[in-house]
Amino acid sequence: MKKYILAVFAGLLLTSCDTDNIGAVYSSSAQNIAFEKETPATVVTKYSEISLPVTLTRSNTAGSYTAHYTLESEDEGIFTDKNEGVATFANGEWKTTINVDAANMEIGTTYTFTLTLSDEDIETTDTIIGTSNNIITTVSVMCDYNWVKAGTCTFTDYTFSDEGTTAEDVTILNADGTNIYRIVQPFIAAYGEGDDGFNSDTGITFTLNDDYSISFVTDGGLVVSADQYDFVWVDDYVPDYCNIVNTGNSFECVMLGVISGAGYYTGFAFDFEWTEGWPGK
(Lines give C-alpha, C1' and ligand atoms only; values in the text may rest on other atoms or scores of the structure.)
Protein backbone atom coordinates (compact mmCIF):
# COMPACT_ATOMS: atom_id res chain seq x y z
CA MET A 1 0.00 0.00 0.00
CA LYS A 2 1.34 3.35 -0.93
CA LYS A 3 0.60 6.35 1.18
CA TYR A 4 1.60 9.89 0.47
CA ILE A 5 1.45 12.40 3.32
CA LEU A 6 1.48 16.11 2.69
CA ALA A 7 2.63 18.12 5.67
CA VAL A 8 1.63 21.76 5.82
CA PHE A 9 3.45 24.10 8.19
CA ALA A 10 1.60 27.17 9.43
CA GLY A 11 3.90 30.11 10.08
CA LEU A 12 3.14 33.46 11.62
CA LEU A 13 -0.37 34.78 11.73
CA LEU A 14 -0.14 38.43 10.76
CA THR A 15 -2.31 40.73 12.82
CA SER A 16 -1.19 43.97 11.23
CA CYS A 17 0.15 45.22 7.93
CA ASP A 18 3.17 47.49 7.65
CA THR A 19 2.61 49.29 4.36
CA ASP A 20 5.55 51.64 4.91
CA ASN A 21 8.17 48.95 4.16
CA ILE A 22 6.75 47.40 1.00
CA GLY A 23 9.34 47.36 -1.77
CA ALA A 24 8.93 47.13 -5.52
CA VAL A 25 8.04 43.67 -6.82
CA TYR A 26 10.93 42.18 -8.78
CA SER A 27 10.04 41.85 -12.44
CA SER A 28 12.47 40.07 -14.74
CA SER A 29 12.95 40.95 -18.40
CA ALA A 30 14.74 37.64 -19.04
CA GLN A 31 13.24 35.28 -21.59
CA ASN A 32 14.03 32.05 -19.68
CA ILE A 33 13.85 29.94 -22.83
CA ALA A 34 13.35 26.25 -21.96
CA PHE A 35 12.00 22.99 -23.28
CA GLU A 36 8.77 22.08 -21.52
CA LYS A 37 10.02 18.59 -20.57
CA GLU A 38 13.55 17.24 -20.27
CA THR A 39 12.51 13.67 -21.14
CA PRO A 40 8.95 13.29 -22.42
CA ALA A 41 7.29 9.87 -22.33
CA THR A 42 8.21 7.61 -25.24
CA VAL A 43 5.80 8.02 -28.14
CA VAL A 44 4.43 4.68 -29.34
CA THR A 45 2.90 4.46 -32.82
CA LYS A 46 1.77 1.72 -35.18
CA TYR A 47 3.00 3.73 -38.16
CA SER A 48 6.45 4.01 -39.72
CA GLU A 49 6.02 7.78 -40.11
CA ILE A 50 4.88 10.32 -37.51
CA SER A 51 5.24 14.03 -36.67
CA LEU A 52 6.58 14.69 -33.16
CA PRO A 53 5.74 18.07 -31.58
CA VAL A 54 8.15 19.45 -28.96
CA THR A 55 7.11 22.41 -26.80
CA LEU A 56 9.44 25.31 -26.07
CA THR A 57 8.49 27.87 -23.39
CA ARG A 58 9.51 31.31 -22.11
CA SER A 59 8.53 33.39 -19.06
CA ASN A 60 8.55 36.87 -20.64
CA THR A 61 5.82 37.24 -23.25
CA ALA A 62 6.47 40.88 -24.12
CA GLY A 63 7.43 41.21 -27.77
CA SER A 64 8.41 38.51 -30.24
CA TYR A 65 11.48 36.30 -29.83
CA THR A 66 13.37 33.85 -32.04
CA ALA A 67 15.12 30.90 -30.40
CA HIS A 68 17.64 28.55 -32.00
CA TYR A 69 18.54 24.94 -31.30
CA THR A 70 20.31 21.93 -32.79
CA LEU A 71 19.04 18.40 -33.40
CA GLU A 72 21.26 15.35 -32.90
CA SER A 73 20.50 11.66 -33.32
CA GLU A 74 22.47 8.45 -33.76
CA ASP A 75 19.59 7.10 -35.88
CA GLU A 76 20.52 8.23 -39.38
CA GLY A 77 17.80 8.85 -41.94
CA ILE A 78 14.97 8.86 -39.40
CA PHE A 79 14.39 12.43 -38.17
CA THR A 80 13.79 15.67 -40.06
CA ASP A 81 13.51 19.01 -38.28
CA LYS A 82 10.72 20.90 -40.07
CA ASN A 83 11.62 24.10 -38.18
CA GLU A 84 15.26 23.87 -39.30
CA GLY A 85 16.65 24.89 -35.92
CA VAL A 86 14.47 27.99 -35.47
CA ALA A 87 11.50 28.49 -33.12
CA THR A 88 9.62 31.80 -33.03
CA PHE A 89 7.49 33.22 -30.21
CA ALA A 90 4.90 35.80 -31.27
CA ASN A 91 4.16 38.84 -29.11
CA GLY A 92 2.23 37.66 -26.04
CA GLU A 93 3.02 33.99 -26.70
CA TRP A 94 4.64 31.98 -23.89
CA LYS A 95 5.06 28.70 -25.73
CA THR A 96 5.72 27.55 -29.27
CA THR A 97 6.00 24.18 -31.00
CA ILE A 98 8.90 22.55 -32.81
CA ASN A 99 7.89 19.80 -35.25
CA VAL A 100 10.23 16.90 -35.91
CA ASP A 101 9.20 14.29 -38.48
CA ALA A 102 10.15 10.62 -38.04
CA ALA A 103 10.14 8.31 -41.07
CA ASN A 104 11.54 4.96 -42.23
CA MET A 105 11.00 3.42 -38.79
CA GLU A 106 11.15 -0.35 -38.47
CA ILE A 107 8.65 -2.31 -36.39
CA GLY A 108 9.72 -3.01 -32.81
CA THR A 109 12.48 -0.39 -32.83
CA THR A 110 12.87 2.66 -30.61
CA TYR A 111 14.49 5.81 -32.05
CA THR A 112 15.77 8.84 -30.15
CA PHE A 113 16.77 12.42 -30.89
CA THR A 114 18.05 15.28 -28.72
CA LEU A 115 17.35 19.00 -29.08
CA THR A 116 19.78 21.47 -27.49
CA LEU A 117 19.24 25.21 -27.12
CA SER A 118 21.84 27.61 -28.52
CA ASP A 119 24.29 29.31 -26.15
CA GLU A 120 22.52 32.63 -26.76
CA ASP A 121 19.20 31.19 -25.62
CA ILE A 122 20.75 29.50 -22.60
CA GLU A 123 22.07 32.93 -21.56
CA THR A 124 18.50 34.25 -21.34
CA THR A 125 18.09 32.39 -18.03
CA ASP A 126 17.36 34.72 -15.10
CA THR A 127 20.35 34.15 -12.83
CA ILE A 128 19.01 36.47 -10.10
CA ILE A 129 16.11 34.24 -9.15
CA GLY A 130 18.05 31.12 -10.07
CA THR A 131 15.62 29.71 -12.58
CA SER A 132 16.57 26.20 -13.71
CA ASN A 133 15.70 25.63 -17.34
CA ASN A 134 15.55 22.50 -19.45
CA ILE A 135 18.14 23.45 -22.06
CA ILE A 136 18.11 19.93 -23.54
CA THR A 137 15.23 17.58 -24.32
CA THR A 138 15.49 13.95 -25.40
CA VAL A 139 12.56 12.44 -27.30
CA SER A 140 12.03 8.74 -28.08
CA VAL A 141 9.56 7.15 -30.46
CA MET A 142 8.80 3.49 -31.04
CA CYS A 143 7.17 1.88 -34.05
CA ASP A 144 5.19 -0.79 -32.25
CA TYR A 145 4.27 -4.28 -33.34
CA ASN A 146 0.78 -5.32 -34.35
CA TRP A 147 -0.22 -7.11 -31.14
CA VAL A 148 -2.85 -9.88 -31.39
CA LYS A 149 -4.29 -12.03 -28.63
CA ALA A 150 -2.43 -15.33 -28.22
CA GLY A 151 -4.26 -16.74 -25.20
CA THR A 152 -4.36 -16.37 -21.43
CA CYS A 153 -2.33 -17.45 -18.43
CA THR A 154 -2.55 -17.85 -14.67
CA PHE A 155 -0.03 -15.44 -13.16
CA THR A 156 1.30 -15.64 -9.58
CA ASP A 157 3.65 -13.13 -7.98
CA TYR A 158 5.87 -14.67 -5.27
CA THR A 159 7.93 -11.56 -4.52
CA PHE A 160 8.69 -11.58 -0.76
CA SER A 161 5.97 -14.21 -0.31
CA ASP A 162 5.78 -17.98 -0.06
CA GLU A 163 2.05 -18.14 -0.78
CA GLY A 164 1.99 -15.73 -3.69
CA THR A 165 -0.82 -13.62 -5.15
CA THR A 166 -2.59 -15.09 -8.17
CA ALA A 167 -4.60 -13.73 -11.08
CA GLU A 168 -6.54 -15.90 -13.50
CA ASP A 169 -7.13 -15.36 -17.22
CA VAL A 170 -4.36 -12.78 -17.73
CA THR A 171 -4.10 -11.92 -21.43
CA ILE A 172 -1.06 -12.89 -23.50
CA LEU A 173 -0.43 -11.02 -26.76
CA ASN A 174 1.75 -11.91 -29.72
CA ALA A 175 3.65 -9.48 -31.93
CA ASP A 176 2.16 -10.62 -35.21
CA GLY A 177 4.67 -12.48 -37.39
CA THR A 178 7.29 -12.88 -34.62
CA ASN A 179 8.06 -15.14 -31.65
CA ILE A 180 7.67 -12.18 -29.27
CA TYR A 181 4.91 -12.30 -26.64
CA ARG A 182 3.68 -10.02 -23.87
CA ILE A 183 1.81 -10.73 -20.63
CA VAL A 184 -0.61 -7.80 -20.23
CA GLN A 185 -0.78 -5.95 -16.89
CA PRO A 186 -0.12 -9.00 -14.70
CA PHE A 187 0.53 -7.09 -11.47
CA ILE A 188 -2.60 -5.00 -11.80
CA ALA A 189 -4.52 -8.22 -12.52
CA ALA A 190 -3.13 -9.76 -9.32
CA TYR A 191 -3.31 -6.81 -6.92
CA GLY A 192 -5.75 -4.36 -8.48
CA GLU A 193 -5.22 -0.76 -9.47
CA GLY A 194 -4.94 2.29 -7.22
CA ASP A 195 -3.54 2.98 -3.75
CA ASP A 196 -3.88 -0.66 -2.65
CA GLY A 197 -2.50 -2.02 -5.91
CA PHE A 198 -0.33 -0.81 -8.76
CA ASN A 199 -0.70 2.31 -10.87
CA SER A 200 1.78 1.57 -13.63
CA ASP A 201 2.68 -1.70 -15.28
CA THR A 202 4.32 -2.08 -18.67
CA GLY A 203 3.72 -5.81 -18.90
CA ILE A 204 6.27 -8.59 -19.31
CA THR A 205 7.69 -9.27 -22.78
CA PHE A 206 9.45 -12.48 -23.76
CA THR A 207 10.44 -14.58 -26.76
CA LEU A 208 9.20 -18.15 -27.14
CA ASN A 209 12.16 -20.21 -28.30
CA ASP A 210 12.12 -23.23 -30.63
CA ASP A 211 12.29 -25.62 -27.67
CA TYR A 212 9.36 -23.78 -26.00
CA SER A 213 11.56 -22.21 -23.35
CA ILE A 214 11.34 -18.42 -22.96
CA SER A 215 13.81 -15.53 -22.79
CA PHE A 216 12.90 -12.12 -21.44
CA VAL A 217 13.02 -9.09 -23.71
CA THR A 218 14.58 -6.45 -21.45
CA ASP A 219 15.47 -2.79 -21.54
CA GLY A 220 18.98 -2.67 -20.12
CA GLY A 221 18.14 -5.66 -17.94
CA LEU A 222 14.74 -4.33 -16.85
CA VAL A 223 12.07 -7.03 -17.18
CA VAL A 224 9.19 -5.00 -15.79
CA SER A 225 8.80 -1.87 -13.70
CA ALA A 226 5.82 -2.14 -11.36
CA ASP A 227 5.74 1.22 -9.56
CA GLN A 228 8.61 1.23 -7.02
CA TYR A 229 9.61 -2.37 -7.83
CA ASP A 230 11.95 -3.07 -10.75
CA PHE A 231 12.42 -6.71 -11.79
CA VAL A 232 15.86 -7.01 -13.39
CA TRP A 233 17.56 -9.78 -15.37
CA VAL A 234 21.34 -9.64 -14.86
CA ASP A 235 22.31 -13.26 -15.52
CA ASP A 236 25.70 -12.22 -16.94
CA TYR A 237 26.45 -10.54 -13.60
CA VAL A 238 24.87 -12.94 -11.09
CA PRO A 239 23.61 -15.99 -12.99
CA ASP A 240 22.75 -17.91 -9.81
CA TYR A 241 20.03 -15.38 -9.02
CA CYS A 242 18.40 -15.27 -12.47
CA ASN A 243 16.65 -18.45 -13.53
CA ILE A 244 13.71 -19.60 -15.58
CA VAL A 245 12.51 -23.17 -15.11
CA ASN A 246 9.78 -24.37 -17.42
CA THR A 247 7.84 -27.58 -17.53
CA GLY A 248 5.64 -27.60 -20.58
CA ASN A 249 3.40 -24.55 -20.36
CA SER A 250 4.47 -23.63 -16.80
CA PHE A 251 7.27 -21.10 -16.23
CA GLU A 252 8.91 -20.32 -12.88
CA CYS A 253 10.96 -17.10 -12.98
CA VAL A 254 13.39 -15.89 -10.30
CA MET A 255 15.54 -12.76 -10.55
CA LEU A 256 16.92 -9.78 -8.67
CA GLY A 257 14.99 -6.61 -8.01
CA VAL A 258 15.50 -2.93 -7.26
CA ILE A 259 13.26 -1.11 -4.78
CA SER A 260 12.74 2.60 -5.40
CA GLY A 261 15.94 2.75 -7.43
CA ALA A 262 18.26 1.59 -4.63
CA GLY A 263 20.37 -1.58 -4.63
CA TYR A 264 19.69 -5.18 -5.66
CA TYR A 265 17.41 -7.43 -3.62
CA THR A 266 16.75 -11.15 -3.80
CA GLY A 267 13.26 -12.56 -3.44
CA PHE A 268 11.79 -11.27 -6.70
CA ALA A 269 9.91 -14.13 -8.34
CA PHE A 270 6.78 -14.92 -10.31
CA ASP A 271 5.45 -17.77 -12.38
CA PHE A 272 2.80 -18.19 -15.03
CA GLU A 273 0.98 -21.12 -16.55
CA TRP A 274 0.05 -20.54 -20.16
CA THR A 275 -3.38 -22.12 -20.33
CA GLU A 276 -5.50 -20.94 -23.27
CA GLY A 277 -3.64 -20.75 -26.60
CA TRP A 278 -0.43 -22.54 -25.52
CA PRO A 279 1.40 -23.21 -28.82
CA GLY A 280 3.67 -25.93 -27.44
CA LYS A 281 3.28 -29.67 -27.42
Side-chain angles (χ1 to χ4, degrees), residues 4 6-9 11 14 17 19 21-107 109-144 199-202 219 225 227 261:
Y4 299 93
L6 177 63
V8 179
F9 176 75
L14 299 180
C17 182
T19 59
N21 293 305
I22 296 178
V25 176
Y26 173 70
S27 178
S28 173
S29 60
Q31 291 289 328
N32 287 315
I33 304 299
F35 292 106
E36 186 177 43
K37 296 181 179 179
E38 184 176 9
T39 309
T42 299
V43 177
V44 179
T45 177
K46 292 184 178 297
Y47 304 101
S48 61
E49 298 183 4
I50 188 175
S51 183
L52 302 164
V54 180
T55 301
L56 197 63
T57 67
R58 65 172 179 165
S59 60
N60 183 359
T61 61
S64 60
Y65 183 86
T66 300
H68 297 82
Y69 60 90
T70 55
L71 183 150
E72 293 181 317
S73 176
E74 294 182 358
D75 301 309
E76 296 183 4
I78 302 297
F79 299 109
T80 302
D81 175 20
K82 296 179 68 175
N83 291 61
E84 298 182 342
V86 178
T88 302
F89 295 88
N91 182 31
E93 190 174 48
W94 67 274
K95 68 177 181 178
T96 189
T97 301
I98 296 166
N99 292 293
V100 177
D101 285 349
N104 307 314
M105 294 190 295
E106 296 182 359
I107 293 176
T109 304
T110 299
Y111 302 91
T112 302
F113 68 86
T114 298
L115 300 180
T116 304
L117 287 175
S118 69
D119 291 340
E120 291 76 13
D121 295 308
I122 294 173
E123 290 174 358
T124 68
T125 300
D126 189 340
T127 57
I128 294 178
I129 62 176
T131 300
S132 178
N133 290 347
N134 295 325
I135 61 175
I136 297 175
T137 186
T138 300
V139 180
S140 296
V141 57
M142 176 184 180
C143 184
D144 203 3
N199 291 307
S200 62
D201 181 1
T202 57
D219 181 5
S225 181
D227 288 347

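Contacts of Glu38 classified as side-chain contact (heavy atoms from CB on, under 4.5 Å), with partners at least two apart in sequence or in another chain: Asn134. Annotation: side-chain contact (heavy atoms from CB on, under 4.5 Å) contacts of Ile107 (sequence neighbours excluded): Cys143, Tyr145. For Asp101, the side chain to side chain donor-acceptor pair (under 3.5 Å) partners two or more places apart in sequence, or in a different chain, are Ser51. For the side chain to side chain donor-acceptor pair (under 3.5 Å) test, no residue two or more places apart in sequence or in another chain qualifies with Thr116. Scanning for side chain to side chain donor-acceptor pair (under 3.5 Å) contacts around Asp144 gives Trp147, with sequence neighbours left out. Shown here are the ring pair (Phe, Tyr, Trp, His ring centres under 6.0 Å) partners of Tyr111, two or more places apart in sequence or in another chain: there are none. Every side chain to side chain donor-acceptor pair (under 3.5 Å) that Thr112 has, sequence neighbours left out, goes to Ser140.
You'll find the side chain of Asp75 stays beyond 4.5 Å of the side chain of Phe113, heavy atoms only. The shortest distance between side-chain heavy atoms of Thr57 and Phe35 does not fall below 4.5 Å. Val141 has its side chain within reach of Met105: a pair of non-hydrogen atoms, C-beta onward, lies under 4.5 Å apart. Residues Ile50 and Val43 meet the side-chain proximity criterion, which asks for heavy atoms closer than 4.5 Å. When side chains are defined from C-beta on, Leu56 counts as touching Leu117, because their heavy atoms get closer than 4.5 Å.
For the atom pair CD of Gln31 and OG1 of Thr61, the computed distance is 9.0 Å after rounding to the nearest 0.5 Å. Taken to the nearest 0.5 Å, the CD atom of Glu49 stands 9.5 Å off from the OG1 atom of Thr80. Here CG of Asn32 is found 8.5 Å from CG of Asn60. Values are rounded to the nearest 0.5 Å. Separation of atoms CG (Asp81) and CG (Leu52) is listed at 11.5 Å; rounding is to 0.5 Å. Taken from OG1 in Thr138 to NZ in Lys37, the straight-line distance is 14.0 Å, to the nearest 0.5 Å. Atom CD1 of Ile33 is separated from atom OG of Ser59 by 7.5 Å, given to the nearest 0.5 angstrom.
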side-chain contact (heavy atoms from CB on, under 4.5 Å) evaluation trace for Thr114 with Leu71: CA-CA 6 Å; Thr114 298; Leu71 183 150; over 6 Å; no
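Counting non-hydrogen atoms of other residues, nucleotides and ligands closer than 6.0 Å to NZ of Lys46 gives a total above 12.
A distance-only check finds a donor-acceptor pair linking the side chain of Asn83 to the backbone of Asn99 [under 3.5 Å]. Judged by distance alone, the side chain of Thr97 and the main-chain N or O of Pro53 form no donor-acceptor pair under 3.5 Å. Of the possible donor and acceptor atoms, none in the side chain of Thr137 sits under 3.5 Å from a partner among the backbone N and O of Leu115.
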Name the atoms and distances for all side-chain donor-acceptor pairs under 3.5 Å in residues 85-95, with sequence neighbours left out.
| residue | atom | partner | partner atom | Å |
| --- | --- | --- | --- | --- |
| Asn91 | OD1 | Gly63 | N | 2.7 |
| Glu93 | OE1 | Ala90 | N | 2.8 |

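Remark: the Ser118 side chain and the Asp121 side chain contain an N/O donor-acceptor pair separated by less than 3.5 Å.
Applying the ring-ring contact (aromatic ring centres under 6.0 Å, His included) test to residues at least two apart or on different chains, none of the pairs has a partner in residues 46-74.
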